[in-house]
Q: 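Here it is, the structure in full.
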Amino acid sequence: MTVLKLVWKNLLRRRGRFAFTLLGITIGMAAFVALLSMGDNLRAEVTHQADALGANLIVMARADCPFINLSVLTGDHLPEAIPREIVFEIAAIEGVTGAVPYLTVGSSIRQVPVSLVGILPAEMKRHRGWDVHAGAYFSHQEAREVVLGYALAGRFELETGDTVTLRGEEIPIAGILSATNSNDDITMFMPLCITQEIFGLGDYVSFIAVTVADVTNIDRYISAITDIANLSVSTNEELLGSVLLILGSLNVTLQAIASVALIAAAFGIINTMMTATYERRREIGILRAMGSRSGIIFRIFVLESGLYGLLGGLLGFFVGFGVSRIAAPVISRNEFVAVVGTPDTAVAFSVTLLAGVVALSVVIAVAAGLYPAWKAAKLTPMEAIRNG
Amino acid sequence: MADYIIETLDIEKIYGNKAKTHALRGVSLRIPRGGFACIVGASGHGKSTLLQLIGALDKPTAGRILLEGTDISAMNDNAISKLRGEKIGFVFQAYNLLDNLTARENIETAMLFSSQKPAKNRAEALLALVGLADKTNAKPNELSGGQLQRIAIARALANDPPILLMDEPTGNLDSQSEQEVLQHIFNVHKAGKTVVMVTHNREIAAKAQLVFEIHDGKLKEGV
Ligand SMILES: Nc1ncnc2c1ncn2[C@@H]1O[C@H](COP(=O)(O)OP(=O)(O)OP(=O)(O)O)[C@@H](O)[C@H]1O
Ligand SMILES: [Mg+2]
């Protein structure tokens, strides 16, 4: 017989209550893990997209809303606000090696929202280094065709030669791009002028990705661009920084939600352990009469609640981890967090994370068990007689 | 000077804060090592109270209790716990076994509370001693009252304490089971333990070396 065996036997005595209390802490920890890894996902993905954009500077219309930065990275619809001739003027600045315009438009395939980006086919292909997976790339700069990202084609089971309907017009699919592991995979592309025409937009673009020859002289390029027009110019890092700031507050929100679940679970443990203390007064009295120090009684109860934390942490980790993996692609269809869950972005399994989660769970459970354990330890051997 | 293993000096016990019950009013007694003592008396006169105080399960309101010459009233809680584990075996009228543990586990649990490491298979040996070698893995709800009380005696002996205290150990048993249990108690006494037993049974009391009759919280002289 050991104290631990005694604890384990006590734990399993009321199987229903054991299961429900365990479920409470498991759900709490699972929520915590799922929300945490989704937050991490988002972060990793945004960083990845910022790299994938491959630009040194992003030129946008001036706006107060910081979410506009997020849209650049998610490929969501941005107002078309920059006259196209600005693109050429920027491209003409000395030292600018590329100025690639994007016109983002919200469209849909079979009623599912899909990002459509109007581009200059030749410049874009060079800038992004695309390969064509199936079919052909745009036959010329003003081809009335679309090219689909790899994952997008897969999701709607579209092939070269099929058509998509945009504003009532059937547009043939010229080709499908090879996977890039970026946002491009879930985007539909069309030549800029055709996009403007079909959607009835003037000769404007949403933003311009600029590459420069000498990144150490970035300020000079920024002032050269702002001399041309009153535009907002951000470096890749600034863009990323401001987006991560938004995600940071999103993370805090998610974690606050998870904390509520954890607090509820902690009260579940307190409740179970208080009940156990009350129910087992006689047994505690017997143990005390047999010579148990009050410290051992305290330890028995703390261990018992600690075991809830250990088991709940382990189960919760795997449940939460599983949920975040399953949920990531589903969430990625949501407009706001469209960046999550493009291929290969789910959080990697990590022993450190597992250990951290289990440790947190145990700490919470032990803390929840302290008061009941203290109550139990205060009982005297006379309880064995009074409740006998 | 004789070797008194148990000594009480003028102990008083008052229960309750508002409605006070004066359960013991100055009890002084001495029991020699290896003795067999019975505490008798009418119901509600303080027998159990006295036994619980000797067994260090409760503290007297006043007076002193000496076990093996040591005053236990001065001890802290941990020291008293150790004393309960190593010096005293207590057998309750209501058996008080742990219901979710088997006979063997009940005895092994008691062994957790002694600083001595118990010999291997001691639990089995103790169960054999009380004639229950075949009930090692039985749970309390599978056993009769007599069997439960024998397991309780075996548990009380788990850490080989010098003192065995029993509060009406046969009070809930039929006469057949009572005889069995008594036989084991006598055997334990013969093996050298000091035995103190509360009983209503005059026949049993007649076999004891010492009899303390308690009346209204006081010892009756000259019994
Ligand atoms: N925990 C307690 N709280 C208050 N009063 C108590 C308590 N325990 C015992 N008493 C009272 O103390 C007195 C002595 O009780 P005790 O249990 O010692 O009697 P007893 O001689 O063992 O009786 P019985 O033969 O019925 O077991 C009784 O009046 C009883 O009501
Ligand atoms: Mg009594």
Side-chain angles (χ1 to χ4, degrees), chain A residues 1-19 21 272-273 275-304 307-308 373-388, chain B residues 13 15 48-49 51-53 55-59 76-116 118 122-123 139-140 152 155-159 161 165 167-168 171-172:
Chain A
M1 207 62 185
T2 61
V3 168
L4 201 63
K5 190 171 166 197
L6 204 62
V7 167
W8 183 246
K9 286 191 173 259
N10 280 334
L11 206 60
L12 290 183
R13 193 136 41 135
R14 306 255 180 205
R15 294 186 189 234
R17 192 161 68 203
F18 169 70
T21 307
T272 293
M273 296 311 294
T275 313
T277 303
Y278 184 78
E279 278 178 352
R280 290 197 222 136
R281 277 169 318 180
R282 186 180 75 97
E283 290 175 23
I284 295 163
I286 295 170
L287 291 176
R288 295 286 275 133
M290 290 194 297
S292 165
R293 280 182 289 116
S294 62
I296 294 179
I297 304 293
F298 185 81
R299 207 182 309 158
I300 285 173
F301 276 76
V302 167
L303 268 173
E304 197 168 322
L307 273 178
Y308 277 115
W374 178 73
K375 290 286 265 189
K378 271 203 324 187
L379 296 174
T380 72
M382 291 304 285
E383 297 291 336
I385 289 147
R386 267 179 226 133
N387 303 287
Chain B
K13 181 66 184 178
Y15 285 114
S48 296
T49 301
L51 198 71
Q52 287 150 16
L53 293 179
L57 301 185
D58 204 358
K59 292 199 163 189
N76 68 24
D77 192 62
N78 280 350
I80 290 180
S81 301
K82 188 173 154 71
L83 181 102
R84 282 186 211 120
E86 295 178 354
K87 300 285 182 212
I88 298 162
F90 204 102
V91 176
F92 302 89
Q93 181 172 356
Y95 325 129
N96 270 340
L97 297 173
L98 299 171
D99 296 328
N100 63 323
L101 303 182
T102 65
R104 187 224 256 112
E105 287 166 346
N106 261 284
I107 296 169
E108 286 174 346
T109 300
M111 292 174 181
L112 285 176
F113 309 123
S114 161
S115 48
Q116 263 111 296
R122 176 160 169 81
K139 292 262 180 87
R155 179 182 65 181
L157 298 172
N159 297 323
L165 305 177
D167 194 351
E168 298 190 54
N172 288 337

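Just so we're on the same page: letters track the sequence lines, and every chain starts at 1. Only heavy atoms go into these numbers, but all of them, side chains included; no hydrogens, no water, no symmetry mates. Just so it is clear, the model here is predicted, and its values are computed rather than measured.
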Q: Where on B:Leu112 is there a heavy atom nearer than 4.5 Å to chain A: the side chain, the backbone, both, or neither?
A: side chain

Q: Should A:Leu307 and A:Val7 count as side-chain neighbours, where that means a heavy-atom distance under 4.5 Å?
A: yes

Q: Closer than 4.0 angstrom, basic N to acidic O: yes or no for A:Arg280 and A:Glu304?
A: yes

Q: Tell me, side chain or backbone of B:Asn78 under 4.5 Å from chain A's heavy atoms, or both, or neither?
A: both

Q: When rounded to the nearest 0.5 angstrom, what is the spacing between CG in B:Asp99 and OG1 in B:Thr102?
A: 12.0 Å

Q: Applying a heavy-atom distance below 4.5 Å, give me the residues of residues 288-295 of chain A that approach chain B, sorted by number.
A: A:Arg288, A:Ala289, A:Met290, A:Gly291, A:Ser292, A:Arg293, A:Ser294

Q: Could I get the full list of salt bridge (charged side-chain N to carboxylate O under 4.0 Å, His left out) partners for B:Arg104, not counting sequence neighbours?
A: B:Glu108, B:Glu124

Q: Can you confirm whether B:Leu101 sits close enough to A:Met1 that some side-chain heavy atom of one is under 4.5 Å from a side-chain heavy atom of the other?
A: yes

Q: Around atom NZ of A:Lys375, are there more than 12 heavy atoms from other residues, nucleotides or ligands closer than 6.0 Å?
A: no

Q: Any side-chain heavy-atom pair from A:Ile300 and A:Leu287 closer than 4.5 angstrom?
A: yes

Q: In terms of heavy-atom pairs under 4.5 Å, which option from B:Ser48, B:Ser81, B:Gly89 contacts chain A the most?
A: B:Ser81

Q: Would you please classify the geometry between the A:Phe18 ring and the A:Tyr308 ring as parallel, tilted or perpendicular, with 30° and 60° separating the classes?
A: tilted

Q: Between B:Gln52 and chain A, which part of the residue has a heavy atom less than 4.5 Å away: side chain, backbone, both or neither?
A: side chain

